[in-house]
Undergrad: 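Sharing a structure with you now.
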Amino acid sequence: MAKCSVCGGPAVAFIRYQKRYLCRDHYIQFVEDKVRRAIKRYKMAGKGDRILVALSGGKDSTTLLGALSAVRDDIGFELVAVHIDLGIFDYSVKSREAARRLAQSLDVPLIEVPLKEVIGATIPELAKKSRRPACSVCGMIKRYVTNAAAVELEADAVALGHNADDLAVYNLKSFLTQDLEAISKLGPRTDSVEEAAVGRIRPLYLVYEKESFLYSFLRGLPFLHEECPFVDNRQMEVRLKEVVNQLEEERPGTKLQMVTKLALRIKDYPKPRGEIRRCRVCGLISSSEVCSFCRTTERALGKAMGPAVREYIRRKGVELGLIPRVKNTATG
Amino acid sequence: MGRIVARLLPDGREVEVEAEKPLKVSELLKRVGMTSESAVVIRDGSPLLETDYVSPGEKVDIVRVLSGGG
Ligand SMILES: [Zn+2]
Ligand SMILES: [Zn+2]
């Protein structure tokens, strides 16, 4: 039986690119160390910051919140989570339950945004009414609501659950189509735009997908391990993930190299052109006069719902005592 | 002829893998078309190493470590 390279206890995993065996406890520490290192190396968060975690209930955001809550006292940041109930049938009901249980067990305040209640429609309804693919509507809605929550809560950053595998694959996909502007957004962090958009950080930047799964699994954190019913397994991403994993099998450490080298060169990629504007209706970041959230909801539901979303989150934030934000400067 | 019963998660489908003798985890994964980067084999609630063995007659879960699709 293989033994942990650190303590000699029974090993639960082998880290191929480090040629090390790890026991349960040291595996958990190994992932948390990666998250701590990424936060410091890429200057994602510091003392007194408020970090908003987009919590879907899946394994990556669960590992994200679990690991962030383990390192929050060392670094001294504050955590708040937001969960969007997308209304995708049973899948969303189970996701919400997992998110609630997790936030409660880690003692992190959770803001839930039930789409049906807040804007009057679920993702499937919105997709149907706007005649767009569910995944593209869903991605846009999640980005909007998460950013709106971060602005209302005066968060310093939004933490996303993208792991190293995800980023390696997005990078490769964008490279294949030479969408260099898209690559410029795949770094460990993006900047904020005063009062309109909060910067995003990716604390799982150095964590492999499998490591993300094992972390939540070994800690026994509640998460939903199911695919969204709308997922399309013919997507190029799925195929590229297999390719990248094949490379990783042959040359352990390939994925880690891909993301660390990308982080070093991220500034050399061109940023998307076009000026940054504010939506005339809701005031948040937009590339045109009206943001895509307000435009889509206006068309599909007869009313631009941006202001309603902001108002809902503000009310919940006040109820939870998160607004107005009190900065802890006592130990500054 | 012995068999290893593997439940494929998250789908929940069960497959039987013919085996004369204990199979290495890496070999078992190969037989069901997966790799150790994309899946974890779990027996009695504990993840197995690539070099561990699964014997005919045993039941395991093979969990694909997918993204939720978000
Ligand atoms: Zn150990
Ligand atoms: Zn708007």
Side-chain angles (χ1 to χ4, degrees), chain A residues 1-2 10-14 16 21 24 27 54 56-62 84 86 88 91 95 135 138-139 142 160-163 165-166 169 208-214 217-218 220 223-233 235 237-238 241-242 244-249 252 254-255, chain B:
Chain A
M1 181 161 190
V12 296
F14 179 63
R16 279 156 42 92
Y21 287 98
R24 176 191 174 273
Y27 193 87
S56 71
K59 72 167 195 313
D60 291 317
S61 62
T62 297
I84 308 166
L86 303 164
I88 304 176
Y91 173 76
S95 300
C135 298
C138 189
K142 285 196 275 199
L160 302 175
H162 298 138
N163 58 50
D165 297 39
D166 293 333
V169 163
Y208 281 13
E209 179 139 56
K210 182 179 170 181
E211 294 166 352
S212 169
F213 171 83
L214 273 177
F217 180 83
L218 291 169
F223 67 97
L224 179 69
H225 198 56
E226 237 175 63
E227 262 174 340
C228 172
F230 287 114
V231 79
D232 179 3
N233 278 316
Q235 277 175 357
E237 282 90 342
V238 177
K241 219 162 228 188
E242 289 166 14
V244 169
N245 276 334
Q246 220 154 8
L247 285 173
E248 179 74 28
E249 291 268 329
T254 298
K255 290 187 280 193
Chain B
M1 193 60 148
R3 282 190 181 86
I4 294 165
V5 180
R7 186 165 56 141
L8 303 180
L9 295 176
D11 327 355
R13 194 160 53 90
E14 265 194 7
V15 294
E16 293 187 346
V17 179
E18 306 276 347
E20 297 278 6
K21 51 182 174 48
L23 277 190
K24 232 184 198 177
V25 163
S26 51
E27 178 60 27
L28 174 63
L29 284 170
K30 207 190 277 176
R31 297 258 188 111
V32 297
M34 288 194 245
T35 67
S36 56
E37 274 304 308
S38 62
V40 180
V41 179
I42 293 170
R43 183 174 57 200
D44 301 329
S46 295
L48 299 182
L49 302 166
E50 282 169 69
T51 47
D52 285 336
Y53 285 89
V54 180
S55 299
E58 285 189 312
K59 264 188 99 161
V60 293
D61 284 342
I62 299 180
V63 188
R64 202 157 42 96
V65 294
L66 51 91
S67 291

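First the proteins, then the strands, lettered A, B, ... as listed; each starts at 1.
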Undergrad: Considering only heavy atoms, which portion of A/Leu224 lies under 4.5 Å from any heavy atom of chain B: side chain, backbone, both, or neither?
TA: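 Looking at A/Leu224, nothing touches chain B.
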Undergrad: Can you tell me if B/Asp11 has over 12 outside heavy atoms packed within less than 6.0 Å of its CG?
TA: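 Buried by this count: over 12 neighbours within 6.0 Å.
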Undergrad: Quick one: pull up CZ in B/Arg64 and CD in A/Glu227 and give me the separation to the nearest 0.5 Å.
TA: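 Reported value, rounded in 0.5 Å steps: 5.0 Å.
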Undergrad: When B/Glu37 is tested against each of A/Gln246, A/Lys210, A/Lys255 for side-chain hydrogen bond (donor to acceptor under 3.5 Å, both in side chains), which residue passes?
TA: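 Only match with B/Glu37 under side-chain hydrogen bond (donor to acceptor under 3.5 Å, both in side chains): A/Lys255.
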Undergrad: Does any heavy atom of chain B fall under 4.5 Å from the side chain of A/Phe217, the backbone, both, or neither of them?
TA: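 Side chain only.
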Undergrad: Using non-hydrogen atoms only, which part of A/Tyr21 is less than 4.5 Å away from chain B: side chain, backbone, both, or neither?
TA: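 Side chain only.
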Undergrad: Where does A/Arg24 contact chain B at under 4.5 Å (heavy atoms): side chain, backbone, both or neither?
TA: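 For A/Arg24, there is no contact with chain B at all, as no heavy atom is under 4.5 Å.
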Undergrad: Does atom CZ of B/Arg7 have more than 12 heavy-atom neighbours, drawn from other residues, nucleotides or ligands, at distances under 6.0 Å?
TA: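 Result for CZ/B/Arg7: open.
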Undergrad: Could you tell me which of B/Val40, B/Leu49, B/Thr35 has the largest number of non-hydrogen atom pairs under 4.5 Å with chain A?
TA: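 That would be B/Leu49.
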Undergrad: Given side chains that start at C-beta, do those of B/Val63 and A/Phe213 come closer than 4.5 Å, heavy atoms only?
TA: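 Touching, per the 4.5 Å side-chain cut-off.
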Undergrad: Let me know if A/Leu218 has heavy atoms under 4.5 Å from chain B in its side chain, its backbone, both or neither.
TA: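 For A/Leu218, side-chain heavy atoms alone lie under 4.5 Å from chain B.
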Undergrad: Please rank B/Gly12, B/Ser36, B/Ser38, B/Ser46 by heavy-atom pairs under 4.5 Å with chain A and give me the top one.
TA: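 Maximum pair count with chain A is reached by B/Ser36.
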